Amino acid sequence: MPAVRRAVRLRGPGGRPRVARGRRACPRRAGRRRRHRDRRARADDPQGVPHHQLLPARSHAARAALRLRTQRRRAVTPLSTSCDVVPPQRNRFAPRRTAFVRYVTMTDDSQRPPDIPEQMRVRREKRDRLLANGVEPYPVEVPRTHTLAEVRAAHPDLPTDTATGDIVGVTGRVMFLRNTGKLCFATLREGDTELQAMISLNGVGDEALAAWKSDVDLGDHVYVHGEVITSKRGELSVMADSWQITSKAMRPLPVMHKELAEETRIRQRYIDLIVRPKANEVVRTRAGVMRALRDSFHQRGYIEVETPMLQTLHGGAAARPFVTESNAFDMQLFLRIAPELYLKRCVVGGLEKVFEINRNFRNEGSDSSHSPEFAMLEFYEAYATYDSMAALTRELVQEAAKTVFGSHVVTLSDGSDYDLSGEWTTLTMYGSLSEALGEEVTPETPAEALHGYAKQRELDVDPKLTHGKLVEELWEHLVGDHLYAPTFVRDFPIETSPLTRQHRSDPNVAEKWDLYVRGFELATGYSELVDPVVERERLTEQARLGAEGDVEAMQLDEDFLRALEYGMPPSGGVGMGIDRLLMALTGLGIRETILFPLVRPE
RNA sequence: GCGCCGAUAGCUCAAUUGGCAGAGCAGCUGGCUCUUAACCAGCGGGUUCGGGGUUCGAGUCCCUGUCGGCGCACCA
């Protein structure tokens with residue numbers, strides 16, 4: 001019984017076996033009707049049609065289908081293809097197999113054009129037809145004289161139905177097509193500018209008009225040469241005297257007036273960028289923020305450096321690293337979790353104001369505010385403290401907002417305003433926690449008392465937590481989660497801040513702040529620990545935790561300690577998530593601020 | 001890692017109790033010299049995510065795998 005159904009299902013949809021055997025003419029409808037008839041026959045009278053009468057035809061089709069599927073699968077299976085291509089004696093530094101496989105499958109794909117969706121087939125045929133007629137669908141260059149933006153800028157207020165006499169050559173992607181009998185309209189897009197092109201019988205003649213209608217699809221890139229005019233409806237346009245395809249698209253564009261599914265937006269950002277102007281705008285906003293940050297630093301005499309992303313030891317933060325290996329050095333390497341230890345070496349070396357903007361990698365879960373690969377700004381300044389660094393951090397954010405949006409009050413994606421202007425609220429961790437709790441909490445408060453408060457509030461905390469982690473846990477639930485306006489939280493338990501110096505007036509807290517914006521942590525700043533003896537004790541303790549299996553503990557970086565032993569000036573340091581800064585300024589999720597976030601392969 | 005939800009045409013989505021898989025846009029054919037998501041007429045297009053099962057019959061029910069979303073946990 002299973003065999004019958006399987007055979008029926010394999011034969012019909014897609015029609016691949018028929019195509020593969022060269023019988024293209026067989027209409028799909030017939031296949032469908034026959035399938036339904038078969039189903040009905042069996043439905044009405046299960047015994048009426050003996051299996052042996054149905055099976056031969058079906059099983060033949062089924063075998064063909066299976067054969068084809070097997071072949072196709074084999075064509076993309078790494079093992080079977082790679083053995084044809086990969087040299088038998090590959091050296092250990094050669095690229096891995098996948099590179100070869102991709103090459104093979106691409107070649108393979110081009111060899112079987114029928115096995116693609118209808119709309120792609122149609123476009124492929126148009127391309128082939130162009131080539132056959134001696135028309136290059138992908139010309140090397142075209143004589144573009146103006147960008148669409150330049151045309152728009154030159155004629156900002158042209159009255160309706162006006163001819164300018166300006167002859168231009170413009171290019172763009174065809175976003176909309178409106179073809180009437182002897183006059184065709186197309187909306188071209190180039191970057192973030194759109195302009196209308198008009199192709200008329202009078203302008204280009206019979207042949208070129210017909211070619212436009214038969215050859216141009218939505219999504220194609222075209223070149224249009226002609227006069228700048230306005231249409232009878234007032235639309236600024238180029239009235240073509242000639243036109244040319246500059247790049248023929250093989251895939252249809254998604255519909256312009258429906259939102260793309262989120263997954264498609266992220267996996268195929270290039271489509272998102274084509275279809276959704278907002279996606280384009282986010283990229284420009286991000287670029288603007290980056291430039292504003294760099295400008296702010298340069299105005300203050302900071303030097304931009306780039307420190308290693310491949311590190312032999314991981315450190316500078318508490319996080320699990322990605323591990324990789326160097327063939328040449330025959331050793332394990334880590335993708336960095338933070339640039340901190342190298343930037344401090346810079347300060348030791350006399351680069352007294354340094355910043356770096358680059359990627360960090362943390363081998364942890366991802367959600368709406370965490371990404372395994374994220375951009376980080378860190379900056380260090382000799383003779384600065386966590387106070388002056390807080391002020392600088394606020395200025396950086398405000399200057400970025402001002403540069404990109406022209407105001408310290410930004411409009412978020414949900415339409416609400418977010419005020420970043422003026423001074424920002426400052427709390428102390430213990431003070432704000434005490435207030436929220438209604439009980440005095442100090443660095444001396446025993447862990448048992450804190451566990452008692454947690455229980456009172458029905459917070460489920462790990463009973464093994466010590467004072468420092470408990471305070472942070474309680475604070476987060478009772479205070480942090482309710483912060484919306486930009487807020488600095490200062491003076492953390494010393495236990496959880498191994499690279500921070502103790503507070504000048506209270507040795508039990510660290511000179512550290514976190515900056516919270518719209519409820520998430522945007523940045524963190526410190527008066528840096530520069531005492532090499534204390535630093536060695538702290539890092540030795542981290543190494544001990546690591547040896548005991550704490551996967552986040554830092555390794556003992558002997559060279560970093562050696563650098564400190566040469567003397568690092570008292571310094572302030574700050575780390576800020578760039579993706580999160582974009583989130584703060586726009587209200588978007590982290591996956592929208594990152595152009596190509598990590599996703600599982602399809 | 002656990003729980004819940006989802007995957008249907010190129011895209012965005014429907015499909016009643018398990019009973020002939022549809023719509024809009026996109027595509028193809030024809031028409032239209034001022035359209036703006038053009039319009040009018042007609043026609044194609046489906047491995048309902050993969051595998052297995054129940055049933056006369058599965059997009060729909062059951063098991064399983066893959067991918068995704070949300071929540072929790074872990075994690076700053």
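Chain letters run A, B, ... following the sequence lines, proteins first and then strands; every chain starts at 1. The shown structure was predicted, so the numbers you read here are calculated from the model rather than taken from an experiment.
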Determine whether a donor-acceptor pair (one donor, one acceptor, N or O, separation below 3.5 Å) exists between the side chain of A/Glu259 and the base of B/U12. no
How would you list, by chain and number, every residue that makes a salt bridge (Lys or Arg N to Asp or Glu O under 4.0 Å) with A/Arg129, sequence neighbours excluded? A/Asp215
Using the P atom in both, what is the distance from B/A14 to B/U33, to the nearest Å? 40 Å
Once you apply a heavy-atom cut-off of 4.0 Å, does A/Met198 come out as touching a base, just sugar-phosphate, or nothing? base
Using side-chain hydrogen bond (donor to acceptor under 3.5 Å, both in side chains) as the criterion, list what pairs up with A/Trp243, not counting sequence neighbours. none
Considering residues at least two apart in sequence or located in another chain, which fulfil the salt bridge (Lys or Arg N to Asp or Glu O under 4.0 Å) criterion with A/Arg267? A/Glu263
Check the phosphate of B/C28 against A/Lys126, side-chain N and O only, distance under 4.0 Å to OP1 or OP2. Yes or no? yes
Counting only Watson-Crick pairs (N1-N3 plus N6-O4 or O6-N4) and G-U wobbles (N1-O2, O6-N3), all under 3.5 Å, who is the partner of B/U17? none
Which base, if any, makes a Watson-Crick or G-U wobble pair with B/U47, both distances under 3.5 Å? none
Determine, for A/Phe374 and A/Arg359, whether the Lys NZ or Arg CZ falls below 6.0 Å from the six-membered ring centre while staying within 45 degrees of the axis. no
Partner lookup for B/U60, please. Criteria are Watson-Crick or G-U wobble with both distances under 3.5 angstrom; report none if nothing qualifies. none
Under a 3.5 Å limit for both distances, which nucleotide forms a Watson-Crick or G-U wobble pair with B/A38, could you say? none
Atom pair distance, as rounded to whole Å: NE2 in A/His477 and P in B/C75: 12 Å
Return the polar atom pairs (N/O with N/O) between nucleotides 6-8 of chain B and the protein under 3.5 Å, or none.
none

If you measure from the P atom in B/U64 to the same atom in B/A21, how many Å do you get, rounded? 29 Å
Both distances below 3.5 Å, Watson-Crick or wobble geometry, any strand: find the nucleotide opposite B/A7. B/U66
Taking any strand in view, what nucleotide pairs with B/C2 in a Watson-Crick or G-U wobble way, both distances under 3.5 Å? B/G71
Have a look at A/Arg362 and say if it touches a base, only the backbone sugar-phosphate, or nothing, with a 4.0 Å heavy-atom cut-off. sugar-phosphate
Taking the same atom, C1', in B/C20 and in B/G57, what whole-Å distance lies between them? 12 Å
Residues 199-211 of chain A vs side chain to side chain donor-acceptor pair (under 3.5 Å), sequence neighbours excluded, gives none
Pick the C1' atom in B/U12 and in B/U16, then give their distance to the nearest Å. 22 Å
A/Phe185 and A/Trp212: CA distance, side-chain angles, deciding distance, ring-ring contact (aromatic ring centres under 6.0 Å, His included) verdict: CA-CA 10 Å; A/Phe185 302 88; A/Trp212 173 271; over 10 Å; no
Quick check on RNA chain B: between A/Gln119 and A/Leu177, whose nearest nucleotide comes earlier from the 5' end? A/Gln119
Identify, between A/Arg267 and A/Thr180, the residue whose nearest nucleotide on RNA chain B lies closer to the 5' end. A/Thr180
Could you pull out all residues at least two apart from A/Asp217 that satisfy salt bridge (Lys or Arg N to Asp or Glu O under 4.0 Å)? A/Lys126, A/Lys248
